[in-house]
Amino acid sequence: MPMIDIYAAAGTFADIKKLSADAAALVKSVEQVPDIPMFRKNTAAFVHEVPATAISNVDGDSNYVRVQVLTNAGALDREKQIALVGKMTDLVAAAANDPELKTRTWCY
């Protein structure tokens, strides 16, 4: 079953509970699985808030987000993978109220 991990500097998101629920729902939607309890209960997202000092690029910037999505083998064909990356990046930027975050979000 899908597991989603979102890593960001503490304070990036105003409502991490909503982000985690929305991320889980997004993956379930892109996978196109039936909306039944088995999939609703076994698709989960975890938002990990870390100190800004724990994230850095070469220049020392810490305003990045990392999203890792784990699914069963074969659950996402290439078309669904591409769709998920785009939609998840949009979701993260919206949750942070920062459209520019799309350029600083790594999703895989």
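Bear in mind the structure is a predicted one, so any value in this text is a computation, not a measurement. One is the number of the first residue; the rest follow in order along the sequence.
Glu31 and Pro2 make their closest contact through OE1-CG, 3.2 Å (heavy atoms, listed as atom of the first residue, atom of the second, distance). Shortest non-hydrogen contact noted between Ala24 and Thr43 is O-CG2, 3.4 Å. Here the shortest heavy-atom pairing between Ala9 and Ser62 reads CB-O, 4.1 Å.
When the side chains of ILVMFWY residues are joined at heavy-atom separations under 4.5 Å, either directly or via intervening members, Phe46 and Val69 end up in two distinct hydrophobic clusters. When the side chains of ILVMFWY residues are joined at heavy-atom separations under 4.5 Å, either directly or via intervening members, Ile55 and Ile16 end up in two distinct hydrophobic clusters. The hydrophobic clustering, which links ILVMFWY residues whose side-chain heavy atoms are closer than 4.5 Å, places Val33 and Met1 together.
Glu49 places a side-chain N or O within donor-acceptor distance of the main-chain N or O of Gly11, the cut-off being under 3.5 Å. Thr105 places a side-chain N or O within donor-acceptor distance of the main-chain N or O of Leu101, the cut-off being under 3.5 Å. Asn42 places a side-chain N or O within 3.5 Å of a backbone atom of Met38 that can act as its donor or acceptor partner. Between the side chain of Asp15 and the main chain of Lys18, a donor-acceptor pair closer than 3.5 Å is present. Without hydrogens or angle criteria, Thr103 side chain to Glu100 main chain gives a donor-acceptor distance under 3.5 Å. A donor-acceptor pair is defined here as one N or O able to donate and one able to accept, closer than 3.5 Å; no such pair exists between the side chain of Lys102 and the backbone of Ala93.
How far OG1 of Thr12 is from CG of Asn63: 8.5 Å, rounded to the nearest 0.5 Å. Once rounded to the nearest 0.5 Å, the distance linking CD1 of Ile4 with SG of Cys107 reads 10.0 Å. With values rounded to the nearest 0.5 angstrom, Ser20 atom OG is found 11.5 Å from Asp5 atom CG. In this structure, Tyr108 OH and Leu70 CG are separated by 8.0 Å, a value rounded to the nearest 0.5 Å. With values rounded to the nearest 0.5 angstrom, Lys41 atom NZ is found 12.5 Å from Ile36 atom CD1. Atom CD1 of Ile6 is separated from atom CG of Leu91 by 6.5 Å, given to the nearest 0.5 angstrom.
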Requested in this report: Could you walk me through whether Gln81 and Val85 pass the side chain to side chain contact (heavy atoms under 4.5 Å, CB included) test, one step at a time?
Outcome: CA-CA 6 Å; Gln81 291 171 358; Val85 168; 5.7 Å; no
Query raised in the report: Between Asp90 and Lys87, is a side chain to side chain contact (heavy atoms under 4.5 Å, CB included) present by the stated rule, with each step listed?
Result: CA-CA 5 Å; Asp90 289 344; Lys87 290 177 181 185; 5.5 Å; no
Query - Stepwise side chain to side chain contact (heavy atoms under 4.5 Å, CB included) check, Val92 with Phe13 - result: CA-CA 8 Å; Val92 165; Phe13 306 112; 3.8 Å; yes
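In summary, Arg104 and Asp98 engage in a salt bridge, as defined by a charged side-chain N under 4.0 Å from a carboxylate O. Taking a cutoff of 4.0 Å between a charged side-chain nitrogen and a carboxylate oxygen, Lys28 and Asp35 qualify as a salt bridge.
Here the side chains of Arg78 and Ile82 are in contact, with some heavy-atom distance below 4.5 Å. Within the 4.5 Å cutoff, the side chain of His48 has no heavy atoms near those of the Arg66 side chain. Proximity of Met3 to Gln68: side-chain heavy atoms (C-beta onward) are nowhere separated by under 4.5 Å.
Residue-environment remark: CG (Asn57) exceeds the threshold of 12 foreign heavy atoms within 6.0 Å.
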